[in-house]
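Data first, discussion second: the structure below is written as structure tokens.
Every heavy atom of this structure was used, including side-chain atoms; hydrogens, water molecules and symmetry mates were not.
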Amino acid sequence: MDDVFVAQVMSEDLYTVSPDTLVEEAAKGMMERGIGSVIVVEDGGLRGILTNTDFVQIVAERQPKDQTPVSEYMSTDLVTADPGDSLSAVSRTMLDHGFHHMPVTDGEDGVVGVVSTTDLTAYLSSLQH
């Protein structure tokens, strides 16, 4: 997997929201798209990520869902991948940190994709055929 790069497996069809988007709206968008994360951007820059795992905390804390912006629950201490990173290195980073989703950024365009454990599984499964 050292000769396979993130750009080859990442999802480029991103669902993005702003930090003030309500969690209810973000959750509906994720469900409609069948995805497990939403990328939070502001002024063209990556600000955070909100994943299906974060919604467990949201529900547990019983916040009024229709009044809570994603900025209250999104992860902001982000580790990102570059499209040219090896899939092997990114997989190790995701395992080490317990991530299921990792934003993919490049210096010019900002966020260009996201790589998920689903993307990794799909790639590995394609090798079996």
Side-chain angles (χ1 to χ4, degrees):
M1 283 199 319
D2 286 330
D3 60 344
V4 179
F5 303 101
V6 169
Q8 295 171 260
V9 301
M10 71 181 189
S11 301
E12 295 178 74
D13 187 19
L14 298 176
Y15 174 43
T16 62
V17 298
S18 66
D20 60 348
T21 301
L22 299 178
V23 295
E24 182 178 23
E25 181 182 334
K28 284 180 184 175
M30 288 168 62
M31 287 180 61
E32 288 168 359
R33 291 164 178 82
I35 56 175
S37 67
V38 59
I39 303 295
V40 184
V41 295
E42 187 174 45
D43 299 326
L46 175 64
R47 297 293 176 254
I49 187 170
L50 187 75
T51 70
N52 47 14
T53 305
D54 296 316
F55 281 97
V56 173
Q57 181 181 1
I58 293 167
V59 170
E61 292 182 1
R62 299 190 180 129
Q63 296 291 327
K65 310 306 178 276
D66 60 344
Q67 302 298 314
T68 306
V70 298
S71 60
E72 290 192 28
Y73 286 95
M74 67 184 188
S75 298
T76 57
D77 186 20
L78 300 175
V79 176
T80 62
D82 182 274
D85 288 347
S86 77
L87 198 55
S88 178
V90 169
S91 298
R92 277 193 301 276
T93 300
M94 290 175 72
L95 279 171
D96 290 348
H97 291 281
F99 296 156
H100 296 279
H101 303 87
M102 184 181 290
V104 180
T105 60
D106 75 12
E108 297 174 8
D109 297 322
V111 183
V112 295
V114 64
V115 63
S116 69
T117 51
T118 302
D119 297 324
L120 298 174
T121 303
Y123 173 74
L124 289 174
S125 132
S126 73
L127 297 178
Q128 302 299 317
H129 293 98

Beyond-backbone contact of Val79 with Met102, side-chain heavy atoms, under 4.5 angstrom: yes
Side-chain touch Ile35/His101, heavy atoms, less than 4.5 angstrom: no
same_hphob_cluster(Val40, Met31) at 4.5 Å side-chain heavy-atom cutoff: no
Test item: Asp43 side-chain N/O and Gly45 main-chain N/O as donor-acceptor pair under 3.5 Å: no
Student check: side-chain heavy atoms of Leu120 and Met94 closer than 4.5 Å: yes
Presence of salt bridge, Lys28 and Glu32, under 4.0 angstrom: no
Distance-only polar pair, side chains of Ser18 and Thr21, donor-acceptor under 3.5 Å: yes
Point-to-point distance, once rounded to the nearest 0.5 Å, from OG of Ser37 to CG of Asn52: 8.0 Å
Cluster overlap Leu87 with Leu95, hydrophobic side-chain contacts below 4.5 Å: no
Residue pair Val38 / Tyr15: nearest heavy atoms and the distance that separates them: CG2-O, 3.4 Å
Residues 4-13, side-chain donor-acceptor partners within the protein, below 3.5 Å, at least two apart:
from  : atom 1 : to     : atom 2 : distance (Å)
Gln8  : OE1    : Phe5   : N      : 2.7
Ser11 : OG     : Asp119 : OD1    : 3.1
Ser11 : OG     : Asp119 : OD2    : 3.3

Shortest non-hydrogen contact between Pro19 and Pro69, atoms and distance: O-CB, 3.6 Å
From OG1 (Thr80) to CG (Asp85), nearest 0.5 Å: 8.0 Å
Nearest heavy-atom neighbours spanning Pro83 and Val112: CG-CG2, 3.9 Å
Residues clustering with Leu78 (ILVMFWY side chains joined when closer than 4.5 Å, directly or via others): Leu14, Ile39, Val41, Leu46, Ile49, Val111, Val114
Which atom of Ala26 lies closest to which atom of Val70, heavy atoms considered: CB-CG1, 3.8 Å
Pairwise distance CG(Asp3) to OG(Ser86) - rounded to 0.5 angstrom: 9.0 Å
Atom of His100, atom of Thr53 and distance for their closest heavy-atom approach: CD2-OG1, 4.5 Å
Value rounded to 0.5 Å, distance of OH in Tyr123 from OG in Ser91: 10.0 Å
Nearest non-hydrogen partners of Gly48 and Met74, listed with the distance: CA-SD, 4.1 Å
Spatial distance of atom CG (Asp20) from atom CD (Glu72) [nearest 0.5 Å]: 11.5 Å
Check: Glu61/Tyr73 side-chain N/O donor and acceptor closer than 3.5 Å: yes
